[in-house]
Engineer: 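To start, I am sharing the structure in question, which I have written as C-alpha cells.
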Amino acid sequence: MTTIRNLIGVLSLLYVINIVSAQINPYMTLEWRYLAREAINDIHISDLNGDGKREIIAASYDNHIHLISHNGSKIWKYNAKCAVFSVYAGDIDNDGCDEILAGSCRPVHIFDYNMNLKSKFVTKDDVKKIITADFDLDDKLDIIAVSGSMRDHTIYIFNDNFDILWQKSFRGDFPWGIAISDLDGDGKKEVIVGSSYLMVYDNERRLRWKFDTNTIYDLIVDDIDMDGGKEIIVGTHPTLYVITNDGNLKWKFNTFGTIKSVHISDLEGDGEKEIIVGSDKLYLLDSKGNLIWDFDTNSSVNKVTSGDLDWDSIEEIVSGSKKIHVIDKSKEVEFEYSPYREVSDIEISDLDDDGKNELISAGKDFTVYCFKAREIYINQKRFYEFYERGKNLFDKGDYENARIELEKAINITKLPNTGISPDDINDCHSMLNKINSIISTSTSTLQTTLSTTPTTSSLLTTTTLEETRGFPVIYGVIFGVMIIIVAAILMKKR
C-alpha cells in the first residue's frame, strides 16, 4: 500500500512539473553574475578604455570599488578602507576617457581605467551621492558630491583640480535628490536640491525659491510635456510632485508608499513622454499625471528604468524590488527574476557593443547580475505578432496590409534560432497564395517570398514551438489518467 501511495505521489509531482513546464517560456537568460563580499550599494556603466565594450563600476559595503568587465570577469577591485556608497563616471580631464568617481566614508576617489588614483578629495561625512555636470560652463565636467551624517549635510561642487566652485551645508534629511540645470534660461546653472523640501540655489549659493514637500528620495529635471519649459519631478512619501521651473506646482500624484525612484522616457518614440514611478507598486503615468496603469510588485520598488530589451525599438519598463520585473507598456510581464535579496540598482546598457542591450542588476545579496534576451524567444514573439496581425487583416478582407504583415512573419522564419511551428509557417504561405490569387499581383514581392518556402523534409526536422508545447501536455494527460486508475484500484481494495 505504501509503495502505491509513493507511486501516486511521484506521478502527481511529475504531473505538476509537466503542467508548469508547459507554461514556462523564458524571456531572458542570466548571462553571468559577479559576487562581492557585501551588499552592492550602487552601480554605474561606462566605456572607460574606449574599446567599445562597457565596464560596470560597483560600490560595495565590503570596502571595495569593483571594476567588472562586460563579460562579468573582475578587472580590479580597490580597497577604500571603508564602505563605498556611490560610484559614477565622467571625462573630468577632457582626455577622451571617462574617469571613475567613487564616494566612500569621507573621501571622493578619482581613478583611471588602470586603477591609478588620480586624485582624492576628503569631505566631512559619508559620500552617498556623486554625479557630474558642467557647473561653471567651461566645457569641462565638474564633480558634485553630497556627504552627510544624521542631520548635517554638505554639497560640494569642484573641478578636476579640486578647486571648490560651490559649497553649501544645511540640516534636514539627506539630499538624495540633486541636479544641476539652467532652469530659467539665463545662461547660468542652478543647483536643485531635494531634501526635507525642494530648494533651488543660484551659482552664488543664494536660495532662489523653496517648495515644501515631504522628504525627497529622487529628483529629475526634464521637459516632460515638451512645451519648452523644464519641470522638476520629485518623489517623496507618498507623493510625486511636478513643479515648474519658477517653483509652482504643476500637478501631483499620490501613491501608497515612499517613491524611491522616478524615470522619464518616451517609451514608444511617439513624442509623448511617460513617467515611471517606483513606490509601493510600479506606476506608469502620462505627462499630465494621468495613471496609465499600476502593477503590484509585492514589495516596495527601489529602482526603475527603461530600455529596449527585445530589439523592437520600443522600450520595456524595468523595476527592482524583491524581484526584477520587465514589463511592456501594455502591462504585459515579459520577464521576472527573484534574486536572493532585494535589488538596490538596475541599469540597461549594450555592454558588448553588439547592438543588443543587457539588463544589469545589483543588490543586497552581494551580487551583480547580467541578463540578456533569448534570440529564439524574440524571433518567436515577432513571428506570432506579425502572423496574428496578418491573419486578422486577411479575415477582414484587408489583403494588401495582410500581405505586408505575413511577409514580415515569413522573413522571421529565415533567421536562425526561430523554433516556429511548421503548420503556422505553411499557413502563412497559404494565406499569401490566396492573397496573390485574389489581387492578381504577378509583380508582387510575394513571389520572392514564396520561392524560399521551406521543404517538407526540412520542416519535419525542425524543433517547433508547437511540439515543445504539446509534449508536456500529452504527458500531463497520461499522468492524470494513471493517477485516476491507481486511485480506483485503491478504492476497490478498501
Side-chain angles (χ1 to χ4, degrees), residues 26-45 54-62 64-66 68 72 83-88 103 128-130 174 176-177 217-220 235 237 255-265 275-284 294-309 315-328 331 333-349 351 357-373:
Y27 171 55
M28 308 181 81
T29 55
L30 178 62
E31 293 285 292
W32 54 259
R33 61 182 179 180
Y34 175 94
L35 191 63
R37 292 185 177 179
E38 293 286 347
I40 306 292
N41 295 312
D42 193 20
I43 57 174
H44 190 82
I45 297 170
R54 291 167 176 81
E55 291 76 40
I56 301 101
I57 313 158
S60 175
Y61 271 124
D62 68 5
H64 285 85
I65 302 152
H66 298 260
I68 308 163
V84 185
F85 301 101
S86 54
V87 286
Y88 208 77
K128 297 180 181 178
K129 184 86 172 182
I130 189 165
F174 187 85
W176 292 110
Y217 295 90
D218 200 8
L219 181 154
I220 297 175
H237 176 83
T255 70
F256 293 93
T258 300
I259 299 173
K260 298 179 183 177
S261 182
V262 182
H263 182 76
I264 313 292
S265 181
I275 305 169
I276 306 163
V277 180
S279 182
D280 60 307
K281 297 180 180 181
L282 177 66
Y283 296 86
L284 183 65
D294 58 48
F295 176 82
D296 190 0
T297 55
N298 294 318
S299 61
S300 62
V301 179
N302 297 325
K303 181 67 184 291
V304 293
T305 190
S306 69
D308 182 8
L309 291 168
E315 294 188 1
E316 282 69 47
I317 298 162
V318 184
S319 74
S321 54
K322 287 185 178 178
K323 288 186 177 183
I324 300 164
H325 287 98
V326 178
I327 304 171
D328 68 14
K331 201 181 172 180
V333 179
E334 297 190 345
F335 174 74
E336 70 174 45
Y337 183 87
S338 297
Y340 299 121
R341 294 181 66 187
E342 66 181 292
V343 173
S344 58
D345 202 1
I346 280 182
E347 299 289 342
I348 294 175
S349 180
L351 295 180
N357 283 329
E358 283 82 18
L359 169 60
I360 303 92
S361 171
K364 294 184 179 180
D365 60 355
F366 312 173
T367 308
V368 178
Y369 298 89
C370 177
F371 303 91
K372 194 161 189 171

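Quick note: residue numbers are just sequence positions, from 1.
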Engineer: Mind telling me whether Phe174 and Trp176 have parallel, tilted or perpendicular rings, with 30° and 60° as the class edges?
Structural biologist: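 Judged by the thresholds at 30° and 60°, the geometry between Trp176 and Phe174 is tilted.
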Engineer: Report the residues that fulfil side-chain contact (heavy atoms from CB on, under 4.5 Å) with Ser86, sequence neighbours left out, ordered by chain and then residue number.
Structural biologist: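 So Ser86 forms a side-chain contact (heavy atoms from CB on, under 4.5 Å) with Asp42, Val127, Ile130.
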Engineer: Begin with the C-alpha distance, continue with both residues' side-chain angles, and end with the deciding distance and a verdict on side-chain contact (heavy atoms from CB on, under 4.5 Å) for Ile40 and Asp345.
Structural biologist: CA-CA 8 Å; Ile40 306 292; Asp345 202 1; over 6 Å; no
Engineer: Hey, is the main chain of Gly257 close enough, under 3.5 Å, to the side chain of Thr255 for a donor-acceptor pair?
Structural biologist: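 Flag set: sc Thr255 to bb Gly257 pair under 3.5 Å.
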Engineer: Hey, could you give me the CZ/CG distance between Arg33 and Leu35, rounded to the nearest 0.5 Å?
Structural biologist: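 Reported value, rounded in 0.5 Å steps: 7.5 Å.
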Engineer: Would you say Leu359 and Ile346 make side-chain contact, with heavy atoms under 4.5 Å?
Structural biologist: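 A side-chain contact exists here, since the closest heavy-atom pair is under 4.5 Å.
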Engineer: Applying side-chain contact (heavy atoms from CB on, under 4.5 Å), run through Ile275 and Val262 and close with a yes or a no.
Structural biologist: CA-CA 7 Å; Ile275 305 169; Val262 182; 3.9 Å; yes
Engineer: Any salt bridge linking Glu31 with Lys372? Criterion: basic side-chain nitrogen under 4.0 Å from a carboxylate oxygen.
Structural biologist: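 Answer for the salt bridge query: no.
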Engineer: Can you tell me which residue among Glu38, Lys322, Arg341 is in a side chain to side chain contact (heavy atoms under 4.5 Å, CB included) with Lys364?
Structural biologist: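 Answer to the side chain to side chain contact (heavy atoms under 4.5 Å, CB included) test with Lys364 among Glu38, Lys322, Arg341: Arg341.
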Engineer: Testing the basics here: between Phe85 and Ala59, what is the closest heavy-atom pair and its distance to 0.1 Å?
Structural biologist: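 So the minimum-distance heavy-atom pair works out to C-CB, 3.9 Å.
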Engineer: Could you walk me through whether Glu347 and Lys303 pass side-chain contact (heavy atoms from CB on, under 4.5 Å), step by step?
Structural biologist: CA-CA 9 Å; Glu347 299 289 342; Lys303 181 67 184 291; 3.5 Å; yes
Engineer: Roughly how far, to the nearest 0.5 Å, is CD1 of Ile324 from OG of Ser319?
Structural biologist: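 Here the rounded value is 9.0 Å.
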Engineer: Distance from Asp365 atom CG to Glu342 atom CD, nearest 0.5 Å?
Structural biologist: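 So the gap between those two atoms works out to 10.0 Å.
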Engineer: Determine the interplanar angle of the His325 and Phe295 rings, folded into 0 to 90°, and report it as parallel if under 30°, tilted if 30 to 60°, perpendicular if over 60°.
Structural biologist: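 Perpendicular, since the angle between the ring planes exceeds 60°.
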Engineer: Determine, step by step, whether Phe335 and Leu309 satisfy the side-chain contact (heavy atoms from CB on, under 4.5 Å) criterion, reporting the C-alpha distance in whole Å, the side-chain angles of both residues, the deciding distance to 0.1 Å, and the verdict.
Structural biologist: CA-CA 11 Å; Phe335 174 74; Leu309 291 168; over 6 Å; no
Engineer: Distance check, rounded to the nearest 0.5 Å: Asp62 atom CG versus Arg37 atom CZ?
Structural biologist: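 The CZ atom of Arg37 is 7.5 Å from CG of Asp62, to the nearest 0.5 Å.
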Engineer: Decide yes or no for Ile276 and Leu284: does some side-chain heavy atom of the first lie under 4.5 Å from some side-chain heavy atom of the second?
Structural biologist: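 Contact flag for Ile276/Leu284 side chains = yes.
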Engineer: Quick check: are there more than 12 heavy atoms from other residues, nucleotides or ligands sitting under 6.0 Å from OH of Tyr61?
Structural biologist: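 It does not: Tyr61 OH has 12 such atoms or fewer within range.
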Engineer: Would you compute the distance between atom CD1 of Ile57 and atom CD1 of Ile43 and round it to the nearest 0.5 angstrom?
Structural biologist: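 Reported to 0.5 Å precision, the distance equals 10.0 Å.
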Engineer: Counting only N and O atoms by type, is there a donor-acceptor contact under 3.5 Å from the side chain of Asp218 to the main-chain atoms of Gly235?
Structural biologist: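 Answer holds: no.
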Engineer: Can you tell me how far OH of Tyr340 sits from OG1 of Thr367, rounded to the nearest 0.5 angstrom?
Structural biologist: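 Taking OG1 in Thr367 and OH in Tyr340, the distance rounds to 7.0 Å.
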Engineer: Judged by atom type as modelled, is there a donor-acceptor pair below 3.5 Å linking the side chain of Lys323 to the main-chain atoms of Glu336?
Structural biologist: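 The answer is no, because no donor-acceptor pair under 3.5 Å joins these two groups.
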Engineer: Between the side chain of Ser300 and the main-chain N/O of Ser279, is any donor-acceptor distance below 3.5 Å?
Structural biologist: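 Between the backbone of Ser279 and the side chain of Ser300 there is no qualifying donor-acceptor contact (under 3.5 Å).
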Engineer: Taking C-beta and beyond as the side chain, do Val326 and Phe371 meet within less than 4.5 Å on heavy atoms?
Structural biologist: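 A side-chain contact under 4.5 Å is absent here.
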Engineer: Any side-chain to backbone donor/acceptor pair from Asn302 onto Ser344? Under 3.5 Å, distance only.
Structural biologist: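 Not at all, since once roles are kept as given, no pair shorter than 3.5 Å links the two residues.
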Engineer: For a 4.5 angstrom cut-off between non-hydrogen side-chain atoms, does Trp32 reach Val368?
Structural biologist: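 Contact flag for Trp32/Val368 side chains = yes.
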Engineer: Taking Asp294's backbone N and O only, do any of them form a donor-acceptor pair with Lys331's side chain (distance below 3.5 Å, no angle check)?
Structural biologist: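 Looks like yes, one N/O pair under 3.5 Å.
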Engineer: Taking only residues two or more places apart in sequence, or in another chain, which ones meet Tyr283 in a ring-ring contact (aromatic ring centres under 6.0 Å, His included)?
Structural biologist: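 Once residues adjacent in sequence are excluded, the partners of Tyr283 under the ring-ring contact (aromatic ring centres under 6.0 Å, His included) criterion are Phe253.
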Engineer: Judged by atom type as modelled, is there a donor-acceptor pair below 3.5 Å linking the side chain of Thr305 to the main-chain atoms of Val318?
Structural biologist: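 Answer holds: no.
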